[in-house]
Amino acid sequence: MSGLVLKLNPKERVLVNGAVIENGDRRSRLSILTPNANILRLRDAIRPDEVNTPVRRVCYIAQLVLSGDAPEEDAQFQLLRGIEQLSQALRDDDSRSHLDAATDATKRSDFYRALKSLRNLLPREARLLSGNAI
């Protein structure tokens, strides 16, 4: 059996195809068997007022598709354009690897994997913006 396995903490919320689902009082595992289901952990969600950096803006576009708030076709174009812009600034091998993975996922309309790859860039961006580029 393949698919996505979500491990949820007590009372953790997740958005699945536009429906907010809250876990009960115990840890649990959910197996998502439907391919291309739109899934977003609400604890990982970027709020609109937090979209204040280049990487966060691109992540937010992917998030909007997963929440059902943006059409895939429009978001795919915007994501690819945003990833291309990020690749002009983030030139190290590790960042390139995450950007390449996000590009491939976006081209396959796998917005969950695209978001997952892009989120890996958030700590690096925070270091760069704080002046600690190491």
Side-chain angles (χ1 to χ4, degrees):
M1 177 177 357
S2 64
L4 178 67
V5 175
L6 292 175
K7 296 177 184 174
L8 301 174
N9 291 322
K11 300 295 182 186
E12 184 174 359
R13 291 179 180 181
V14 64
L15 187 71
V16 179
N17 288 341
V20 175
I21 299 171
E22 183 176 82
N23 191 26
D25 294 328
R26 297 183 186 163
R27 290 180 54 89
S28 64
R29 283 175 51 138
L30 295 175
S31 296
I32 309 297
L33 302 177
T34 303
N36 302 320
N38 292 326
I39 300 178
L40 177 65
R41 285 180 184 273
L42 294 183
R43 72 174 182 198
D44 295 334
I46 297 172
R47 309 289 186 258
D49 61 321
E50 299 170 338
V51 182
N52 53 9
T53 67
V55 174
R56 285 180 174 272
R57 283 185 199 105
V58 178
C59 286
Y60 192 68
I61 296 167
Q63 181 179 301
L64 287 174
V65 174
L66 294 174
S67 66
D69 294 319
E72 287 188 17
E73 307 79 38
D74 296 342
Q76 189 174 42
F77 174 77
Q78 290 179 17
L79 267 171
L80 291 173
R81 188 175 65 197
I83 291 168
E84 176 59 31
Q85 291 171 349
L86 290 174
S87 71
Q88 301 300 313
L90 302 172
R91 297 177 163 264
D92 62 281
D93 290 340
D94 188 47
S95 295
R96 297 296 273 187
S97 167
H98 293 302
L99 290 167
D100 289 345
T103 298
D104 292 343
T106 300
K107 287 180 178 177
R108 294 189 319 270
S109 296
D110 187 348
F111 298 101
Y112 179 82
R113 299 260 185 262
L115 178 59
K116 188 174 176 182
S117 295
L118 291 166
R119 287 185 65 80
N120 288 316
L121 298 172
L122 290 170
R124 179 171 319 248
E125 179 186 51
R127 284 193 307 274
L128 288 170
L129 292 175
S130 73
N132 300 324
I134 296 176

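For the numbers below, each heavy atom of this structure counts, side chains included, while hydrogens, waters and symmetry mates do not. Count residues from 1 along the sequence. Source: prediction; values computed, not measured.
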Legend entry - Those residues that, when tested against Arg13, pass salt bridge (charged side-chain N to carboxylate O under 4.0 Å, His left out) (two or more places apart): Glu22
Inset, instruction - Return yes when atom CG of Asp93 has more than 12 non-hydrogen atoms of other residues, nucleotides or ligands closer than 6.0 Å, and no otherwise. - result: no
Legend entry - Minimum-distance pair of heavy atoms, taken over all atoms of Glu125 and Val55: OE2-N, 2.8 Å
Inset, instruction - Look only at the side chain of Thr53 and the backbone of Arg56, and say whether a donor-acceptor pair between them is shorter than 3.5 Å. - result: yes
Legend entry - For Arg26 against Asn23, the heavy-atom pair lying closest together: O-ND2, 2.8 Å
Legend entry - Gap separating the CG atom of Leu40 from the OG atom of Ser67, nearest 0.5 angstrom: 7.0 Å
Inset, instruction - Identify the two heavy atoms, one from Leu66 and one from Asn38, that lie closest to each other, and give their separation to 0.1 Å. - result: O-CB, 3.2 Å
Inset, instruction - Would you kindly confirm whether Leu129 and Val58 end up in one hydrophobic cluster when ILVMFWY residues are joined by side chain heavy atoms under 4.5 Å apart? - result: no
Inset, instruction - Hey, could you give me each pair passing salt bridge (Lys or Arg N to Asp or Glu O under 4.0 Å) that has a residue in residues 65-90? Not counting sequence neighbours. - result: none
Inset, instruction - Please identify each residue that fulfils side chain to side chain donor-acceptor pair (under 3.5 Å) with Arg113, with sequence neighbours left out. - result: none
Legend entry - Sequence-distant partners of Lys11, salt bridge (charged side-chain N to carboxylate O under 4.0 Å, His left out), two or more places apart: Asp25
Inset, instruction - Taking all non-hydrogen atoms of both residues into account, name the closest pair between Arg41 and Lys7 and its distance. - result: NH2-O, 3.1 Å
Legend entry - Path from Ile32 to Val14 over hydrophobic side-chain contacts below 4.5 Å: yes
Inset, instruction - With rounding to the nearest 0.5 Å, note down the distance linking CZ in Arg119 to NE2 in His98. - result: 13.0 Å
Legend entry - Ala75 to Val65 - nearest heavy-atom pair and separation: CB-CG2, 3.0 Å
Legend entry - Qualifying residue, where the test is side chain to side chain contact (heavy atoms under 4.5 Å, CB included) with Cys59 and the options are Leu79, Leu115, Leu121: Leu115
Inset, instruction - Answer yes if Ile61 and Phe77 sit in the same cluster of Ile, Leu, Val, Met, Phe, Trp and Tyr residues linked by side chain heavy atoms under 4.5 Å apart, and no otherwise. - result: no
Legend entry - Distance-only polar pair, side chains of Asp92 and Ser95, donor-acceptor under 3.5 Å: yes
Legend entry - From CA spacing to verdict: side-chain contact (heavy atoms from CB on, under 4.5 Å), Lys107, Leu80: CA-CA 8 Å; Lys107 287 180 178 177; Leu80 291 173; 4.2 Å; yes
Inset, instruction - With rounding to the nearest 0.5 Å, note down the distance linking CG in Leu118 to CD1 in Ile83. - result: 5.0 Å
Inset, instruction - Check for a donor-acceptor pair, side chain of Asn17 on one end and backbone N or O of Ala37 on the other, with a separation under 3.5 Å. - result: no
Inset, instruction - Using a strict 4.0 Å threshold on nitrogen-to-oxygen distance, state whether Arg108 and Asp110 make a salt bridge. - result: yes
Legend entry - Arg96 CZ to Thr103 OG1 distance, which is reported to the nearest 0.5 Å: 9.0 Å
Inset, instruction - Please step through side-chain contact (heavy atoms from CB on, under 4.5 Å) for the pair Leu30 and Val5, ending with a clear verdict. - result: CA-CA 6 Å; Leu30 295 175; Val5 175; over 6 Å; no
Inset, instruction - Apply salt bridge (charged side-chain N to carboxylate O under 4.0 Å, His left out) to Arg57 and list each qualifying residue two or more places apart in sequence or on a separate chain. - result: none
Inset, instruction - Locate the shortest heavy-atom distance separating Ala105 from Ala114; write the atom from each residue and the value. - result: CB-N, 3.5 Å
Inset, instruction - Establish, from distance only, whether the side-chain atoms of Thr106 and Gln76 form a donor-acceptor pair under 3.5 Å. - result: no
Inset, instruction - If you link ILVMFWY side chains whenever their heavy atoms are less than 4.5 Å apart, which other residues fall into the same cluster as Ile46? By chain and number, please. - result: Val51, Tyr60, Leu64
Inset, instruction - Look at atom CZ of Arg43 and say whether more than 12 heavy atoms of other residues, nucleotides or ligands are closer to it than 6.0 Å. - result: yes
Legend entry - Straight-line distance of Ile39 CD1 to Ile21 CD1, nearest 0.5 Å: 8.5 Å
